[in-house]
Amino acid sequence: MSIFTDIFNKILEKIKGLVPGANSVSDVNLTAELDKLAKGSGLEWKTSVVDFLKLIGANSSSENRDALAKELGVDPSLKSGSAEKNEALRKSLFKKIAANGGSIPASLLD
């Protein structure tokens, strides 16, 4: 299983737990549901890929982020763990989630 598939499945599990009857990420306002999930946690999921991964219960280690970045085609010249690489990964991940039916605002994709 790909890392993205694992992440997407974790998102779906969270959504099903939050919204009775939801069977896919397109059944809900994903951003609103993630905001509810993050409330009081101190996790800034919209601006931090590490916080996003923690929020959904995914592996947020540097090694996992590097592997995910490779899977999603993030520029390999970016330094592992750097703010630039994490930001590029966050945007790529959110774009892939949106491409798979998740409601991610355009402001979080650019």
Side-chain angles (χ1 to χ4, degrees):
M1 177 182 336
S2 75
I3 296 169
F4 175 76
T5 300
D6 180 59
I7 288 169
F8 199 75
N9 287 338
K10 287 184 184 311
I11 294 168
L12 188 53
E13 288 172 25
K14 294 288 183 185
I15 293 306
K16 286 180 176 182
L18 292 169
V19 182
N23 292 312
S24 73
V25 294
S26 60
D27 290 342
V28 299
N29 179 333
L30 184 59
T31 304
E33 296 306 322
L34 291 172
D35 279 342
K36 289 177 194 173
L37 188 61
K39 188 172 183 170
S41 69
L43 296 173
E44 299 292 333
W45 74 268
K46 291 178 183 175
T47 57
S48 168
V49 69
V50 173
D51 283 0
F52 174 75
L53 294 171
K54 287 179 180 179
L55 179 66
I56 62 166
N59 181 346
S60 64
S61 71
S62 178
E63 295 82 12
N64 196 60
R65 292 192 321 272
D66 285 344
L68 178 61
K70 183 176 181 180
E71 185 178 311
L72 296 180
V74 173
D75 183 351
S77 70
L78 295 172
K79 183 180 174 192
S80 177
S82 69
E84 294 81 13
K85 185 164 191 173
N86 283 338
E87 180 61 6
L89 176 57
R90 183 193 64 76
K91 288 178 182 179
S92 292
L93 180 57
F94 285 1
K95 286 177 183 176
K96 182 93 171 181
I97 292 167
N100 283 275
S103 57
I104 303 287
S107 62
L108 297 180
L109 302 176
D110 298 321

Participant: Rounded to the nearest 0.5 Å, what's the gap from CG on Leu34 to NZ on Lys14? Could you check?
Facilitator: 10.0 Å

Participant: Quick one: list whatever passes salt bridge (Lys or Arg N to Asp or Glu O under 4.0 Å) with Arg90, sequence neighbours left out.
Facilitator: Glu87

Participant: So, taking the atom named CG in Leu89 and the one named CG in Leu68, what distance separates them when rounded to the nearest 0.5 Å?
Facilitator: 4.5 Å

Participant: Taking only residues at least two apart or on different chains, which pairs with a member in residues 66-93 satisfy ring pair (Phe, Tyr, Trp, His ring centres under 6.0 Å)?
Facilitator: none

Participant: State which residues pass side-chain hydrogen bond (donor to acceptor under 3.5 Å, both in side chains) with Asp51; sequence neighbours excluded, sorted by chain then number.
Facilitator: none

Participant: Show the nearest heavy-atom pair for residues Asn86 and Val49, with the distance to one decimal.
Facilitator: O-CG1, 3.7 Å

Participant: Sort and list the pairs that fulfil ring pair (Phe, Tyr, Trp, His ring centres under 6.0 Å) and have at least one residue in residues 12-31, not counting sequence neighbours.
Facilitator: none

Participant: Is the side chain of Asn59 donor-acceptor paired with the backbone N or O of Asn64 at a distance under 3.5 Å, no angle test?
Facilitator: no

Participant: For residues 98-107, which side-chain N or O atoms pair as donor and acceptor with protein atoms under 3.5 Å away, sequence neighbours left out?
Facilitator:
| residue | atom | partner | partner atom | Å |
| --- | --- | --- | --- | --- |
| Asn100 | ND2 | Lys96 | O | 2.7 |
| Ser103 | OG | Leu30 | N | 2.8 |

Participant: Please report the interatomic distance NZ(Lys16) to CG(Asn23), rounded to the nearest 0.5 Å.
Facilitator: 5.5 Å

Participant: Only counting residues at least two apart or in another chain, list the ones meeting salt bridge (Lys or Arg N to Asp or Glu O under 4.0 Å) with Lys85.
Facilitator: Asp66

Participant: Mind checking side-chain contact (heavy atoms from CB on, under 4.5 Å) for Ala32 and listing every partner two or more places apart, or none if nothing turns up?
Facilitator: Asn29

Participant: So how far is it from Lys95 NZ to Ser92 OG, rounded to the nearest 0.5 Å?
Facilitator: 6.5 Å

Participant: Does any pair with a residue in residues 11-43 pass ring pair (Phe, Tyr, Trp, His ring centres under 6.0 Å), and if so which ones, sequence neighbours excluded?
Facilitator: none

Participant: Listing request: all salt bridge (charged side-chain N to carboxylate O under 4.0 Å, His left out) pairs with a residue in residues 18-44, at least two apart in sequence or in separate chains.
Facilitator: Glu33-Lys36, Asp35-Lys46

Participant: Residues two or more places apart in sequence or in another chain: which of them pass side-chain hydrogen bond (donor to acceptor under 3.5 Å, both in side chains) with Thr47?
Facilitator: none

Participant: Got a sec, which pairs hit ring pair (Phe, Tyr, Trp, His ring centres under 6.0 Å) with one end in residues 46-73, sequence neighbours left out?
Facilitator: Phe52-Phe94

Participant: Please output the side-chain donor-acceptor pairs of residues 1-12 that fall under 3.5 Å, not counting sequence neighbours, one pair per line with the distance.
Facilitator:
| residue | atom | partner | partner atom | Å |
| --- | --- | --- | --- | --- |
| Ser2 | OG | Thr5 | N | 2.9 |
| Ser2 | OG | Thr5 | OG1 | 2.7 |
| Ser2 | OG | Glu71 | OE2 | 3.3 |
| Asn9 | ND2 | Thr5 | O | 3.3 |

